[in-house]
Amino acid sequence: MGRRGGPRADESRGHWYHRQLLGSANITGRPLFHLMTGNLSHQIEHHLFPDLPARRYPQVAEEVREICQRHGLTYSTGPLGKQLLSVARKICRMALPPRASAVPG
């Protein structure tokens, strides 16, 4: 592991970036909202570039979005309510046991 939070020994740098992208989501809002969150509403950029000053996240966001689009990767972004609901669904899906499949018979 090179830098803080960098790739694990069993993954490439590309896999590390992909893992950061999969585990992050941005929150859309007006400029005041981003200012009030310290630009941490740009979680994708925060996870991809942890050493970058937060004020730079909006500058790199468009390029990150374009790279994701070019490679067919999901750039998860949306309003706060949508993102919170998405997190709640994932937590419930992971916390609950899998549904029993119907037994033929």
Side-chain angles (χ1 to χ4, degrees):
M1 178 150 88
R3 61 189 181 132
R4 174 182 57 120
R8 299 181 312 221
D10 64 339
E11 71 182 344
S12 70
R13 174 173 244 147
H15 285 119
W16 180 85
Y17 282 111
H18 188 230
R19 185 166 49 91
Q20 300 311 306
L21 182 65
L22 291 175
S24 308
N26 285 358
I27 302 170
T28 57
R30 296 177 186 245
L32 180 60
F33 174 74
H34 295 298
L35 178 68
M36 290 175 62
T37 64
N39 282 319
L40 291 179
S41 48
H42 294 278
Q43 279 295 294
I44 293 172
E45 291 71 26
H46 171 68
H47 282 258
L48 293 175
F49 308 106
D51 297 329
L52 189 68
R55 70 181 188 287
R56 300 272 320 275
Y57 296 151
Q59 294 172 323
V60 299
E62 191 56 38
E63 187 173 352
V64 171
R65 184 189 294 258
E66 289 172 9
I67 290 168
C68 289
Q69 188 173 25
R70 192 175 338 138
H71 293 281
L73 301 170
T74 301
Y75 184 89
S76 180
T77 188
L80 180 61
K82 175 187 172 226
Q83 298 302 53
L84 288 174
L85 186 59
S86 172
V87 169
R89 284 183 184 143
K90 286 178 187 175
I91 290 172
C92 289
R93 193 170 49 242
M94 292 178 179
L96 298 174
R99 293 183 181 188
S101 59
V103 179

query: Is there a path of hydrophobic side-chain contacts, each under 4.5 Å between heavy atoms of I, L, V, M, F, W or Y residues, that connects W16 with L21?
result: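 As far as the 4.5 Å side-chain criterion goes, L21 and W16 are connected within one cluster.
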- request: State plainly whether one hydrophobic cluster holds both F49 and I44, where clusters connect Ile, Leu, Val, Met, Phe, Trp and Tyr through side-chain heavy atoms under 4.5 angstrom apart.
  value: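 F49 and I44: one cluster.
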Table please: side-chain donor-acceptor pairs of residues 69-78 below 3.5 Å, with sequence neighbours left out.
| unit_1 | atom_1 | unit_2 | atom_2 | d |
| --- | --- | --- | --- | --- |
| Y75 | OH | N26 | ND2 | 2.8 |
| Y75 | OH | E45 | OE2 | 2.6 |

To the nearest 0.5 Å, what is the distance between [atom1] ([X]) and [atom2] ([Y])?
X: K82; Y: T28; atom1: NZ; atom2: OG1; value: 8.0 Å
X: R30; Y: S41; atom1: CZ; atom2: OG; value: 14.0 Å
X: L96; Y: I91; atom1: CG; atom2: CD1; value: 11.0 Å

Nearest heavy-atom neighbours spanning A54 and G38: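 Heavy-atom minimum between the residues: CB-O, 3.2 Å.
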query: Who passes side-chain hydrogen bond (donor to acceptor under 3.5 Å, both in side chains) against R55, sequence neighbours left out?
result: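 Here no residue qualifies.
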- request: Could you pull out all residues at least two apart from E66 that satisfy side-chain hydrogen bond (donor to acceptor under 3.5 Å, both in side chains)?
  value: none
Which other residues end up in the same hydrophobic cluster as [X], if Ile, Leu, Val, Met, Phe, Trp and Tyr are linked when side-chain heavy atoms come under 4.5 Å apart?
X: L22; result: none
X: L85; result: none
X: F33; result: I27, L80, L84

message: Could you tell me if the side chain of C68 sits less than 4.5 Å from the side chain of V64, heavy atoms only?
response: yes
Beyond-backbone contact of H34 with P58, side-chain heavy atoms, under 4.5 angstrom: no
query: Any donor and acceptor pair, going by atom type alone, linking the side chain of S24 with main-chain N or O of Q20 inside 3.5 Å?
result: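 Confirmed, S24 side chain pairs with Q20 backbone.
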field: Q43 side-chain N/O to L40 backbone N/O, donor-acceptor pair under 3.5 Å
entry: yes
query: Is the Y57 ring parallel, tilted or perpendicular to the H46 ring (thresholds 30°, 60°)?
result: perpendicular
